[in-house]
Protein chains: 2
Amino acid sequence: MQMDERKRKILRAIVQDYIATAEPVGSRTIARKFDLGVSPATIRNEMADLEELGFIEQPYTSAGRIPSDAGYRYFVDCLMDAQTLSDEDKEIIERESTKKICEIQEVVSHTSRLLSELTSLTSLVLGPQKGKSAFGKMHFLPYRPGQVIMVIVKENGVVENHIVDVGETITAEDLQKVADVFNQKMKGYSLNQVKRSILHEIYSELSRQRHLIDNALEMLDAILDGSEEDEPIYLGGTLNMLNQPEFRDLDKVKSLFKVFEENEPLKKLLLPRQEGLNVTIGGENTLKEFRDCSVISATYKVNGKTIGAVGVLGPTRMDYGKVIAIVDFMTKSLTEVLARGKPRGYK
Amino acid sequence: MQMDERKRKILRAIVQDYIATAEPVGSRTIARKFDLGVSPATIRNEMADLEELGFIEQPYTSAGRIPSDAGYRYFVDCLMDAQTLSDEDKEIIERESTKKICEIQEVVSHTSRLLSELTSLTSLVLGPQKGKSAFGKMHFLPYRPGQVIMVIVKENGVVENHIVDVGETITAEDLQKVADVFNQKMKGYSLNQVKRSILHEIYSELSRQRHLIDNALEMLDAILDGSEEDEPIYLGGTLNMLNQPEFRDLDKVKSLFKVFEENEPLKKLLLPRQEGLNVTIGGENTLKEFRDCSVISATYKVNGKTIGAVGVLGPTRMDYGKVIAIVDFMTKSLTEVLARGKPRGYK
DNA sequence: TGTTAGCACTCTCCTCTGATGAGTGCTAAC
DNA sequence: GTTAGCACTCATCAGAGGAGAGTGCTAACA
């Protein structure tokens, strides 16, 4: 059996109506609401075919039909009109994006809030990956007796400061010397790249400051390596999920929100199989908590390099056209903001 | 009508049983479970009195009784045995508190997690108030052409760094001079203390670096004043609320979680009317979302000075004895950790 | 006078029932 | 190939009735 034009029209009608009403769609409803020029009986026949093809299913005998995951997939890939953003939404995004923003975190949280507000769904934002954060420069500043401030400038421009214990006896010259050696030997390297060779050099050149160096290295370890791994995902509008009829069930809500508290599953959800825009529908998500959900995600770039991703999570019964348009526009706007504003936090 | 010993015993029995079962308590249940030496009929008579006194109420005719807010209040004030922590819990807290922790944020999030895990309720933690964060010291470090790193050490020991735009033409000596003037004039002052007098002096001494100073002041504004106001409250175990039978209702959950997203109401909830341990029961909370909730909160100290608070939020039907013991022990442990570890972030 | 047993009464909760209505699949006619 | 007609299925809802828990009242008892 093949899809023909009428089957396509009927499938589209079913998906659209179900997205709008969250109720199983019957043949009469389609005949009434969508002008296909055929009777309910004919539509019933076609619907039987569509069910056999796996695009729709019946919750129970003699209920209407609802789209299956495959049905949504066919809809997204073949039936959907490319929708454009409403001027209103466009304006909101643009107005927001012209605000002056200096911290990268603010950009991320803004984006997250905006996405969830526009879609009335849950947003996921993965902040700019900082890239392998190599050592850039080290400074020491006086703090308290026996302690100094160690300021580390990473190669990607991020600046961090940490308090380091040093003996009371250390002199400003000693500190300067330590910084000089580090700056000379470690520039451009991440810590695990240098573990063996360079470390030996540093140790031998600065044998007297062994205590300080150990402390400094411990800090560097945390600063340079830790930062990449647990890049948090920003969630926005999680409460919107509670408005969706598919989450009337408290147990479902509980298990969903439990997953929201972890980072790994969300990352998996968001990180695309390929560059650009991705649509993951229902069971295509591996996690069972997301079996009734779809994710529209997209990556964004700076200097042509992909450095992060945004996404929207909602029930499979979501308005794909609208959400895709919003996510698409948003990533472009974001790319632009980042290129223009150069907030701190990435190279 | 007066409370006598038997009424007290019965009220205690009702509260304890209702806390344990979440079901209205009948006279027969009390006679069976608690050995009062009287028949259900007698207990019924007493219960009628207790109802008249306002300590218990009936959800509907011929259901058992449940404690009213006043009943809980009487229970907490007069009937509760001072409970001590189980050795198990004590050990958990102490094990946790011996971990080496260097960032104040970690202490706060640890505390929050621990509280919610031990009580199976929701925890609220207000991190150490940083106190009026006065200016301590300013340093400049080279960054990129036209930009420098401004490192601000506040008087309370917190170190922050920010990138500041300077002209390309500025020299290291100029920067040093700016820093010197700031360090000399502003030490110990918060920004709004100096707005008029000192600012004029700084401007006149450094008229050439007007642009840099404006940028620096803008930063200082954000660093020194902003930090106090919106001190966030850490929430832990919000999902535990979903396990409480009083939150079976999705609408209740929704409005509760909505409040969780705001800071102000939570702060009101947590900040005590007086030093030490506070118990706020049901309607004693002003916000209607918390009418079915109680809060056990307590302040903690460093160097004898109250600098923060922790609390536990649960349904009015919570195990007051246990929770009070946990909160009490926790604040003491926290006070100790902070006194010992001296993590960064407060004076 | 306080306590208790007995009893009628109330109200929730659960289950069963039948009616309703939406929607289907099949068949036969167009 | 399309359509009208019709029997059938199943969820949903309201109402009825029984079970069970618990009460308040009364009268008897110590």
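Fair warning: this is a prediction, and the values are worked out from it, not measured in the lab. Letters go in sequence order (proteins before strands), and every chain restarts at 1.
- Listed pair A:T42 / D:dT3 meets the phosphate criterion, a side-chain N or O lying under 4.0 Å from OP1 or OP2.
- Side-chain contact check for B:T122 and B:T238: no donor-acceptor pair (N or O, by modelled atom type) lies under 3.5 Å.
- For D:dT23, the OP1/OP2 oxygens have a side-chain nitrogen or oxygen of B:S27 closer than 4.0 Å.
- For the pair A:I10 CD1 and C:dG23 P, the computed distance is 15 Å after rounding to whole Å.
- B:R65 pairs in a salt bridge (charged side-chain N to carboxylate O under 4.0 Å, His left out) with only one of the listed residues (B:E52, B:E51, B:E46, B:E23), which is B:E51.
- Rounded to an integer number of Å, the gap from A:R28 CZ to D:dT3 C1' is 15 Å.
- A salt bridge does not link B:D4 with B:R8: none of the charged nitrogens is closer than 4.0 Å to a carboxylate oxygen.
- Summarising the geometry, the separation between CD1 on B:I43 and P on C:dT4 is reported as 9 Å, rounded to the nearest angstrom.
- A straight line from NZ of A:K33 to P of C:dG23 spans 10 Å, rounded to a whole angstrom.
- When both distances must be under 3.5 Å, the Watson-Crick or G-U wobble mate of D:dT3 is C:dA28.
- Applying the 4.0 Å criterion to OP1 and OP2 of C:dT3, one finds that B:R6 has a side-chain N or O inside that range.
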Could I get a table of every N or O pair under 3.5 Å where one atom is in the protein and the other is in nucleotides 10-18 of chain D?
from, atom 1, to, atom 2, distance (Å)
D:dC10, OP1, A:T61, OG1, 3.2

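- In terms of modelled atom types and a separation under 3.5 Å, the side chain of B:Q58 and the main chain of B:A63 share a donor-acceptor contact.
- Ring orientation note: the planes of B:F257 and A:F257 are nearly perpendicular, at an angle over 60° on the 30°/60° scale.
- Between A:S116 and A:L121, the shortest heavy-atom contact is CB-O, 3.2 Å.
- Rounded to whole angstrom, the span from the CG atom of A:L36 across to the P atom of D:dG1 amounts to 18 Å.
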Determine, stepwise, if the pair B:L287 / B:L269 fulfils side chain to side chain contact (heavy atoms under 4.5 Å, CB included).
-> CA-CA 9 Å; B:L287 235 69; B:L269 208 62; 6.0 Å; no

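- The nearest whole Å value for the distance from the CD atom in B:E23 to the C1' atom in C:dC13 is 12 Å.
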Give each protein N/O atom lying under 3.5 Å from an N/O atom of nucleotides 25-30 of chain C, with the pair distance.
from, atom 1, to, atom 2, distance (Å)
C:dG25, OP1, A:R65, NH2, 3.0
C:dG25, N7, A:R44, NE, 3.1
C:dG25, O6, A:R44, NH2, 3.2

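- Residues B:Y320 and B:S294 have side chains that bring a donor and an acceptor to within less than 3.5 angstrom of each other.
- Taking atom CD1 of residue A:I30 and atom P of nucleotide C:dG23, one finds them 10 Å apart after rounding to whole Å.
- Nucleotide C:dT24 holds its C1' atom 15 Å from the CG atom of A:D49, rounded to whole Å.
- Under the 3.5 Å distance criterion, with hydrogens and angles disregarded, a donor-acceptor pair is assigned to the side chains of B:N243 and A:K254.
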